[in-house]
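Taking it in order: structure first as structure tokens, then the write-up.
Numbering of ligands and ligand atoms starts at 1, following listing order. Atom set for the values below is all heavy atoms of this structure, side chains included, hydrogens, waters and symmetry mates excluded.
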Amino acid sequence: MSHPPPNAPVLYSFPSPEELVSPLADFVLKAQKESIDKKGRFTLAISGGSLPKQLKGLIKLGDAVKWSKWQVFYADERAVPLDHDDSNHRLCMAELFSHVPIPQNNIHAIDTSYLDDLEELSDAYEKELIQEFAQKDSARFPVFDLILLGIGPDGHTCSLFPGHELLAEEDRWVAYIEDSPKPPPKRITLTYPVVNHAMRVAFVATGAGKIDILPAILDEPEKGLPASRVKPVYPGQVYWFVDDAASSKVKYPKTEPKL
Ligand SMILES: O=C(O)[C@H](O)[C@@H](O)[C@H](O)[C@H](O)COP(=O)(O)O
């Protein structure tokens, strides 16, 4: 009989999306503490969708959150101005960062002077990561303390879509996509080599709209959906924060949240 790997995904399911907010904030806080104790900083990548809103529990935690030690990157970003409705940066600012004392320089948005050239745009963002990670950690790939992701109903995560050639990227840290099946078509995204070197990846997925894709991701990883391919190298760990509406068809064992 084969045993699950020591860093098999941990699945937490909550009765409602609201009941997930406080445990998620506590989880982020714990990750923050471990990271700052070890390295004096907390590196985080975050995606869009409903995730920024679900992080609102952090706003209430006051001084416990050491915002000045956070370095925030975007797991993916749309190639639009920073004040555009489609911008993940705009969304994260509106839902979270404008409500907390985080230094503006610690939030790493895309350089919108390159919006017309996606290769330049992703190169510039990769350089931004290199400045943060290669100089301080001297590793081949950046090791984020935490990457917070959503999933689409097709199983995509970041801007890594099913069947897309970007799933095979082995080298680059940041890549671009011009033909995203979900609008807007032009985006940049972290690649698997980056996501799969993180210390922790936490997915947040709620609502009945995720009811069929969650079992496909968790119970049938051999299907190779983009979210199933998120498997950070040991000791990196994947966590799922979901609600019961999303997880009702999942067979994968749930863990009682003791956060
Ligand atoms: O790629 C995009 O265009 C979306 O931003 C997407 O990645 C989103 O994060 C997921 O679809 C989850 O969406 P929800 O958080 O709303 O479930």
Side-chain angles (χ1 to χ4, degrees), residues 11-14 16-21 24-25 27-28 44-58 72-82 84-96 109-110 118 121-122 125 146-164 166-167 169 174-192 194-195 198 201-218 225-230 238-250:
L11 171 63
Y12 301 122
S13 190
F14 301 88
S16 68
E18 293 74 36
E19 282 160 277
L20 167 160
V21 166
L24 179 63
F27 169 84
V28 175
L44 183 97
I46 181 172
S47 58
S50 56
L51 182 67
K53 201 182 213 130
Q54 282 154 330
L55 290 171
K56 64 174 183 254
L58 289 166
V72 179
F73 292 81
Y74 292 104
D76 66 332
E77 180 58 289
R78 288 86 177 270
V80 294
L82 297 180
H84 192 280
D85 277 355
D86 286 333
S87 163
N88 284 341
H89 174 69
R90 187 201 60 78
L91 181 69
C92 289
M93 289 302 294
E95 297 290 351
L96 181 60
I110 55 169
L118 289 186
L121 186 70
S122 57
Y125 206 63
L146 176 62
I147 301 184
L148 287 160
L149 300 175
I151 50 159
D154 58 352
H156 86 262
T157 192
C158 299
S159 284
L160 300 165
F161 289 89
H164 197 277
L166 274 190
L167 304 190
E169 178 61 52
V174 181
Y176 65 90
I177 167 169
E178 289 178 295
D179 54 356
S180 161
K182 185 176 170 188
K186 295 182 177 178
R187 299 147 172 250
I188 62 161
T189 182
L190 298 183
T191 59
Y192 281 119
V194 174
V195 176
V201 177
F203 286 101
V204 181
T206 60
K210 305 283 154 72
I211 197 167
D212 290 319
I213 199 64
L214 221 48
I217 294 167
L218 282 163
L225 284 167
S228 305
R229 295 176 188 229
V230 175
V238 171
Y239 301 85
W240 284 85
F241 286 78
V242 306
D243 69 350
D244 293 347
S247 70
S248 59
K249 289 189 185 169
V250 171

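Of the protein's non-hydrogen atoms, Ser50 OG, 2.6 Å is the one closest to atom 15 (O) of ligand 1. When hydrogens are left out, the protein atom nearest atom 8 (C) of ligand 1 is Gly49 CA, 4.1 Å; that is the closest non-hydrogen contact. The protein atom (non-hydrogen) at minimum distance from atom 4 (C) of ligand 1 is Lys182 NZ, 3.2 Å. Shortest contact from atom 17 (O) of ligand 1 to any protein heavy atom: Lys210 NZ, 2.3 Å. In terms of protein heavy-atom proximity, atom 6 (C) of ligand 1 is closest to His156 NE2, 3.4 Å.
Applying the side chain to side chain contact (heavy atoms under 4.5 Å, CB included) test between Glu169 and each of Val174, Thr191, Val194 identifies Thr191 as the sole match.
Atoms of ligand 1 found under 4.0 Å from any heavy atom of Gly152 (numbered from 1 in listed order, with element): 10 (C), 11 (O).
Nearest heavy atom pair, residue Ser159 against residue Asp76, reads OG-OD2, 2.6 Å. Heavy atoms only, all atoms of each residue included: Gly57 and Val21 are closest at N-CG1, 3.5 Å. Ser122 and Tyr176 make their closest contact through OG-CD2, 3.5 Å (heavy atoms, listed as atom of the first residue, atom of the second, distance).
Considering backbone and side-chain N/O atoms, Arg78 comes within less than 3.5 Å of an N/O atom of ligand 1. Here's the thing with Ser47: none of its N/O atoms is less than 3.5 angstrom from an N/O atom of ligand 1. In terms of polar-atom proximity, defined here as any N/O pair under 3.5 Å, Ser159 makes no such contact with ligand 1. Any N or O atom pair closer than 3.5 Å counts here, and Asp76 shares no such pair with ligand 1.
If you look at Ile151 next to ligand 1, the close heavy atoms, those under 4.0 Å, all belong to the backbone.
Side chains of Ser247 and Ser13: a donor-acceptor N/O pair is present below 3.5 angstrom, by distance only. Side-chain contact check for Asp243 and Thr206: no donor-acceptor pair (N or O, by modelled atom type) lies under 3.5 Å.
Using cut-offs of 30° and 60° for the angle between ring planes, the Trp240 and Phe203 rings count as parallel. Using cut-offs of 30° and 60° for the angle between ring planes, the Phe241 and Phe14 rings count as parallel.
Heavy-atom separations between Gln54 and ligand 1 are all 4.0 Å or longer.
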